[in-house]
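Report on one structure; see the data block that follows.
Computed from a prediction, not measured in an experiment: that's the story for all the values here.
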Amino acid sequence: MTADTLLERITDYACRPDPYPLYAELREAGPVVRQADGSHLVGTYHEINALLHDPRVSVDPRNGLVRDPVLSEREELPFLLLDDPAHHRLRTLAMRPFGPPHSPGRVDAMRGQIAELTGELVDGLRGRAEIDLVDDFAYPLPVTVICRLLGVPREDEPLFRRWSDLVVASADVQPGEEAAERARTGRQARMEMGRYLVDLAEQRRGGSGEDMLSAFVNEPDPGLRLTREELAETAVLLLIAGHETTVNLIANGVLTLLRHPEELDRLRRDPGLLPGAVEELLRYEPPVHLRRRVPLVDLDIAGSVVPKGEPLILVIASGNRDPWRFREPDRFDPARADNQHLGFGGGVHLCYGAPLARIEAQAALGALIPLLGAVTLVEDPPPYRRNAMLRGPRHLPLRVRPALVDGEAAVDEQHLAGDER
């Protein structure tokens, strides 16, 4: 096999459990490796970081030479897929009810509610002989948090799993696959979700609710209001981006800790390492592995020219394991210093939900770490999601086992099995 098949092999589902040897092959082949389908892979840290900050590189798929067959020139795109100045305007309006400078306390004020939700989910694990960490914990926590931020009624939260799965699948990188039907299905899911959220927002117009949908529709300054279409796309983006990546972060984190019992024990003994451990997980097993970009000009990247409009794929997870940037990059080290990972992207498109994701991951892992000494993996590797861009376990089945003796585990079986004997 040659380097021009790397994307095909990376996106092959058989490689989902461990794509890292392919990323090493990518870095060895060069900073930029052209693929048989005409796309260009970039897998080294410094080049990826520079491209994330380069205004000559676009996120708008309409700038590519290869057009999505169902993408209309007039279709509304979320600001995630827009360049400045349109991106800056919409991101700024979306940020007003979410974070600083206009709403500096909103995310931090969620800490108590997130801790409460985490406690409820942990309580729900008790008395179980087996649990699925994804379905029983990693998925419900972030989707509940983002739904409550937006003001979605709890009984409607299950609607969003089907919608978000279809939208995420439509954005996956699959070379050689006919993407038209997948794209249409994703577009339909976005439209259904958007209609629901806009209708819900309209119900809040004129009210005094503190949720984000209420803030969007009750913005007093006409010049700072989102149009109906912009509100739909922004709310959909917040829901999908607000939980899909965090599900992966939590599930990948638990899997990594179970595979590294010595580091799990270290964190159990020193909870103060937890914030650094989350940053290391964002480097070592990031929830986002690939990001699409389009050069707006013929672009020289470390001596290789990528022509204007040809697909550019930044392999974020490869950059996070680049030995030219990180010492012993394949070692999981919760106390790693100078950990400037690419887990949240970079530049003007840096994930603005990063502060919330960090709080959720720290709360989730902090609640789970004392219990992980009483569980074992049912299968390793677990079944993964099909998506190569947003990589994480689709299920993470765990079996409750008797506690280890002589102080090797901090808790016993009763933590998960309740009083059942």
[Y] backbone acceptor or donor facing [X] side chain under 3.5 Å:
{"X": "Thr5", "Y": "Glu8", "value": "no"}
{"X": "Arg154", "Y": "Cys147", "value": "no"}
{"X": "Ser39", "Y": "Gln35", "value": "no"}
{"X": "Asn252", "Y": "Arg391", "value": "yes"}
{"X": "Asp270", "Y": "Arg266", "value": "no"}
{"X": "Asn320", "Y": "Glu285", "value": "no"}
{"X": "Asn248", "Y": "Val288", "value": "no"}
{"X": "Asp132", "Y": "Leu396", "value": "yes"}

Quick check for you: to the nearest 0.5 Å, what is the distance between [X] atom [atom1] and [Y] atom [atom2]?
{"X": "Glu262", "Y": "Leu267", "atom1": "CD", "atom2": "CG", "answer": "10.5 Å"}
{"X": "Leu342", "Y": "Arg283", "atom1": "CG", "atom2": "CZ", "answer": "10.5 Å"}
{"X": "Leu264", "Y": "Leu258", "atom1": "CG", "atom2": "CG", "answer": "6.5 Å"}
{"X": "Leu398", "Y": "Leu377", "atom1": "CG", "atom2": "CG", "answer": "6.0 Å"}
{"X": "Leu282", "Y": "Ile316", "atom1": "CG", "atom2": "CD1", "answer": "12.0 Å"}
{"X": "Leu81", "Y": "Arg292", "atom1": "CG", "atom2": "CZ", "answer": "9.5 Å"}

**Asked** Do Asp84 and His87 have side-chain atoms, one donor and one acceptor, less than 3.5 Å apart?
**Response** yes

**Donor-acceptor pair between Ser58 and Asp60 side chains, under 3.5 angstrom** = no

Does the distance from a Lys or Arg side-chain N to an Asp or Glu carboxylate O, for [X] and [Y], drop under 4.0 Å?
{"X": "Asp12", "Y": "Arg9", "answer": "no"}
{"X": "Arg325", "Y": "Asp338", "answer": "yes"}
{"X": "Arg327", "Y": "Asp333", "answer": "no"}

Minimum heavy-atom distance between [X] and [Y], given as atom pair plus value:
{"X": "Thr245", "Y": "Pro287", "result": "O-CB, 3.2 Å"}
{"X": "Asp221", "Y": "Gly223", "result": "OD1-N, 2.9 Å"}
{"X": "Arg27", "Y": "Thr44", "result": "CG-CG2, 4.2 Å"}
{"X": "Ala94", "Y": "Pro97", "result": "O-CD, 3.3 Å"}

**Item:** All ring-ring contact (aromatic ring centres under 6.0 Å, His included) counterparts of Phe216, not counting sequence neighbours
**Value:** none

**Message:** The criterion is ring-ring contact (aromatic ring centres under 6.0 Å, His included); which residues satisfy it with Phe326, sequence neighbours excluded?
**Reply:** Tyr45

Can you find a pair of side-chain heavy atoms, one from [X] and one from [Y], that are under 4.5 Å apart?
{"X": "Leu238", "Y": "Leu197", "result": "no"}
{"X": "Ile48", "Y": "Asp322", "result": "no"}
{"X": "His243", "Y": "Val145", "result": "no"}
{"X": "Arg162", "Y": "Glu192", "result": "yes"}
{"X": "Leu41", "Y": "Ile313", "result": "yes"}
{"X": "Arg386", "Y": "Arg394", "result": "no"}
{"X": "Ile250", "Y": "Tyr139", "result": "no"}
{"X": "Leu51", "Y": "Arg293", "result": "no"}

Enumerate, atom names and distances included, each donor-acceptor pair closer than 3.5 Å involving a side-chain atom of residues 350-363, sequence neighbours excluded.
| residue | atom | partner | partner atom | Å |
| --- | --- | --- | --- | --- |
| Arg358 | NE | Glu279 | OE2 | 2.6 |
| Arg358 | NH2 | Glu279 | OE1 | 3.0 |

**Prompt:** Pairs in or reaching into residues 294-312: which pass side chain to side chain donor-acceptor pair (under 3.5 Å), with residues at least two apart or in two chains?
**Reply:** His40-Glu310

**Within residues 90-105 or reaching into it, pairs that qualify as side chain to side chain donor-acceptor pair (under 3.5 Å) - sequence neighbours excluded** = Arg96-His102, Arg96-Glu219

**Asked** Angle class for the Phe160/Tyr196 ring planes (parallel below 30°, perpendicular above 60°, tilted otherwise)?
**Response** perpendicular

**Asked** What orientation do Tyr23 and His289 show, parallel under 30°, tilted 30 to 60°, or perpendicular over 60°?
**Response** tilted

**Message:** Set out, in order, the CA-CA distance, both residues' side-chain angles and the distance that settles salt bridge (Lys or Arg N to Asp or Glu O under 4.0 Å) for Asp211 and Arg106, then state yes or no.
**Reply:** CA-CA 10 Å; Asp211 57 87; Arg106 181 181 291 274; over 6 Å; no

**Message:** Would you say CD of Glu202 has more than 12 non-hydrogen atoms from neighbouring residues, nucleotides or ligands within 6.0 angstrom?
**Reply:** yes

**Prompt:** Among pairs that include at least one residue of residues 242-260, which meet salt bridge (charged side-chain N to carboxylate O under 4.0 Å, His left out), considering only residues two or more places apart or in two chains?
**Reply:** Glu244-Arg385, Arg259-Asp380

